[in-house]
Undergrad: 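One structure coming up, written as structure tokens, with questions to follow.
Residue numbers start from 1 in every chain, and the chains themselves are labelled A, B, ... in the order their sequence lines are given, proteins ahead of strands.
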Amino acid sequence: MSSILKDIKVKIMSRYEDYLTTFIEIAASAILGFGVGAIILYALGYDAGVAYSILFTRGLSNANYLLSKATPIMLTGLAFAIPMIAGVFNIGGESQLYVGAITSLVIAVYTGNPLLAIAAGIAAGAGLGGLIAVLKVYRGVNEVIAAIMFNWIFYYTILYLLTDKLYNPQIPHESLPVPSSARIGVIPTPWGEIRAIFFIAVLASLLIYYILYYTSIGYTMRVSGLSPRSAKYAGFNPERSIINSMLLGGGCAGLGGSLLVLGYMFSLDTTMSSLYGLGFTGIGVALLGRNNPIGIIFSAIFFSMLIIGGEMMELKVGTPTELADTLIGVIVIALALPYAYRMLISYIKTRRLIKK
Amino acid sequence: MPEPAIEMKGVVKVYPDGVIALRGVDFIVERGEIHGLLGENGAGKTTLMRILYGEIKPTRGVIRLFGKKVSFRGPWDAIRHGIGMVYQHFTLVPTFTVLENLHLSLSAIEKITIDETQRRARELMEQIGFNVPLNERVEDLPVGIQQRAEILKTLLRRAHILILDEPTSVLTPVETRELFNTLRKLKSMGITIIFITHKLKEVKEITDRVTVLRKGRVVGTVYTSKVTERDLARMMVGREVFLKITKKPKPLGKPLLVVKDLWVRDERGVDMVKGINLVVHEGEILGIAGVQGNGQRELAEALAGIRRPYRGKVFLEGRDLTSMDTMARYRMGLAYVPDSRAVGLVADMNIVENTILTNIYGVVTRIKRILWNIAGRLTKRVVESFEVITPSLSTPVKYLSGGNQQKVMVGREIIREAKVFIVSEPTHGLDVGATEFIRKTLLSLRDKGKAILLISTDLDEILQLSDRVAVIYEGEIMAVGKPEEFSLEKLGLLMGGIRE
């Protein structure tokens, strides 16, 4: 394990410049995003200074809350990023998270075993991801369409299960609770008690990083994503990579749903409001983290801050609910700008060369 | 005398990556003639025509159409000026019917109903005497008919200058004859035609005049009736050989790579390799000469297992490879250097990651962990022994020059100790120094007893390096022999499809 960590460190150091430019790009995008957000706030008649100070202070005030909220979106972020690296567009993180959550809940309720529940949640998510991949590879079904369909199919199926089969007779708007034996607890740290699920998610990110950059499975996936023709030339099977990436991605989303239920919510509400949107937020998390599992850890925390702070802004300053979403949107768009910037540079360079 | 239909003067084109495609070309096409444009790959034929079609802008130079100076902002602008282009790869929507395709292209330039399109299409077809089933879906039609639909499309847009880019490369002989009849008919209607080709026989058969390009310059424009195929061949390939590499004589070893009656189709279902038989011996370079697009890529890919042949067998050291996948073949000692660096390298990955691309099975543990330190050592060997100039091993290969990229691509195959090398265009686009280095490397491999199948469109390269030369034309081997047996002229004729 330590040699692997050392490897990772060497790898990061050797790409120091890449990481530095990426960091600068992300920081500049964030500043731009907040700048545009301030203009919007001003235009709507709010004091941007006050709003932002609440966003940051409240967003960051409770480490446990911050990191717990970051956990599921970190994993749905991975669910988007891993297939993206292999060249597949997985917007099914949403339903993969649903099935992970519900499967874990059921297994936890009936067995009381947390490990079994987690494993089942991962398997459910991976199964759904894998199904989308298999449909794409063997039946030519577009993965985006399949994922959207599955998102709705599972949304309503699970809604039905929660309201009709799994509801808690004492509290009818909630599902049966996770028995205490299957609950995941907290870990004491210098910053107070932090839910263990956050650390599990971080470990998962590191594991994914390892798979992507230190195994031939990940290597094959990356080659397939960057250049399918090279993958074919090298004798890799791009279809296999698509399936692998969707299994891994779906598994991550499934784990996200699982951890959310076992370590944070302990039951699901029958409107599914606690699950809805986590998969889509993951897309933003992955984009902000540049599809890098380690970047995703930080971007998930950042998103979590925006979400929590946004809620607080709403309460304290009375800004509309959509403002936090708008901010996130503006930042994600600003993140696309470095690409535009690089293209502009190369365009100018070629113009100059032609003039010569 | 009326002004010529097309007059291009002093056209220079420098691509953004610094490649000079055209070095001051004057090109004049008279009204109503069929004008051939002949040249090897990279001679600048396609670039010149893309400029005429407004697809790319010339770095310098003037274009006049019927005496009027023009400067196109894009193909749509050229289309408005009556220029039509038929590409090798058609630009029809495969799932649309022919009529829908015609309507699509017409409605881009004028307001028209589909009935009106149909009426005009039928009228035109009657006039030029060919028949395209308007209501069939394009993908269901044979290539020859698709090409007619493409021609019909440009004519409907009232093109009076028609550019055909290697139109016969996808056609059967019968379809070719029909195409030529159509072209003669069009000519009689006053349409000016530019016919891009590398096939000498076709030039003789169909064109009135022909312009020969070589390395971005015009060698000459001649009346086709006044020259022989021999003259054209000399104009097309004749040049001095300036790199001289000495080659030790070597007796033939045992056969390492044997190809028996190989047939391969491309994506369109066209036969690209038609019954090729080859043997490459230990310590031998067998050069495959030919103009690009005559089945070389399909042959190489079939040997590497990337493309499935539908008939025939491939043996390596006597073992049948035919049903093995690519990676198994690489493990058996086959190495393939593709003709395109975009295929052989992953631009965004660094040198180490690219070095292990065809050798991944050699650097992983049982649990599939990549041993990056071993990969790094391998890479170091490639970089050092092939003098790759790079700031570091973790530099993405896209930041390397073409020559250095090529060295990585060739070097990694050599380092992994393969027995049989299929090397495609190994020095394409390289400067003299890098070219010499790669060629010497190939010769030293030969001296070490490897078998090398060298596929190249560069005749100098073929003649210098090969122990035996085979000429490929339309997927068939025209002739095999020692390089001394072929004059450049004879090679030119064979590559143009003429057996003496």
Undergrad: Hey, which of B:Leu345, B:Thr395, B:Leu357 has the most heavy atom pairs under 4.5 Å with chain A?
TA: B:Leu357
Undergrad: Check whether B:Val343 gets within reach of chain A through its side chain, its backbone, both or neither, counting any heavy atom under 4.5 Å.
TA: both
Undergrad: In terms of heavy-atom pairs under 4.5 Å with chain B, which of A:Ile217, A:Val223, A:Ile211 leads?
TA: A:Val223
Undergrad: Pairs in or reaching into residues 118-142 of chain A: which pass side chain to side chain donor-acceptor pair (under 3.5 Å), with residues at least two apart or in two chains?
TA: A:Lys136-A:Glu143
Undergrad: For residues A:Thr220 and B:Ile360, determine if any side-chain heavy atom of one lies less than 4.5 Å from a side-chain heavy atom of the other.
TA: no
Undergrad: Regarding B:Glu413 and B:Arg416, does a basic nitrogen lie under 4.0 Å from an acidic carboxylate oxygen?
TA: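 Counted as a salt bridge, because a side-chain N and a carboxylate O are separated by less than 4.0 Å.
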Undergrad: Would a line drawn from the ring center of A:Tyr209 to the ring center of A:Tyr213 be shorter than 6.0 Å?
TA: yes
Undergrad: Do the charged groups of A:Arg222 and B:Glu353 touch, with an N to O distance under 4.0 Å?
TA: yes
Undergrad: Between B:Arg137 and B:Glu139, is there a side-chain N and carboxylate O pair less than 4.0 Å apart?
TA: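 So B:Arg137 pairs with B:Glu139 through a salt bridge.
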Undergrad: Please classify the contact of B:Ile356 with chain A as side chain, backbone, both or neither, using a heavy-atom distance under 4.5 Å.
TA: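 For B:Ile356, heavy atoms of backbone and side chain both lie under 4.5 Å from chain A.
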Undergrad: Could you list the residues that satisfy side chain to side chain donor-acceptor pair (under 3.5 Å) with A:Ser258, not counting sequence neighbours?
TA: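 Side chain to side chain donor-acceptor pair (under 3.5 Å) check on A:Ser258 returns A:Ser104.
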Undergrad: The criterion is side chain to side chain donor-acceptor pair (under 3.5 Å); which residues satisfy it with B:Thr95, sequence neighbours excluded?
TA: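 Side chain to side chain donor-acceptor pair (under 3.5 Å) check on B:Thr95 returns nothing, list empty.
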Undergrad: Checking B:Tyr361 against chain A: side chain, backbone, both or neither under 4.5 Å from a heavy atom?
TA: neither
Undergrad: Enumerate by number any residue of residues 231-246 of chain A whose heavy atoms lie under 4.5 Å from heavy atoms of chain B; in the absence of such residues, state 'none'.
TA: A:Lys232, A:Tyr233, A:Ala234, A:Gly235, A:Phe236
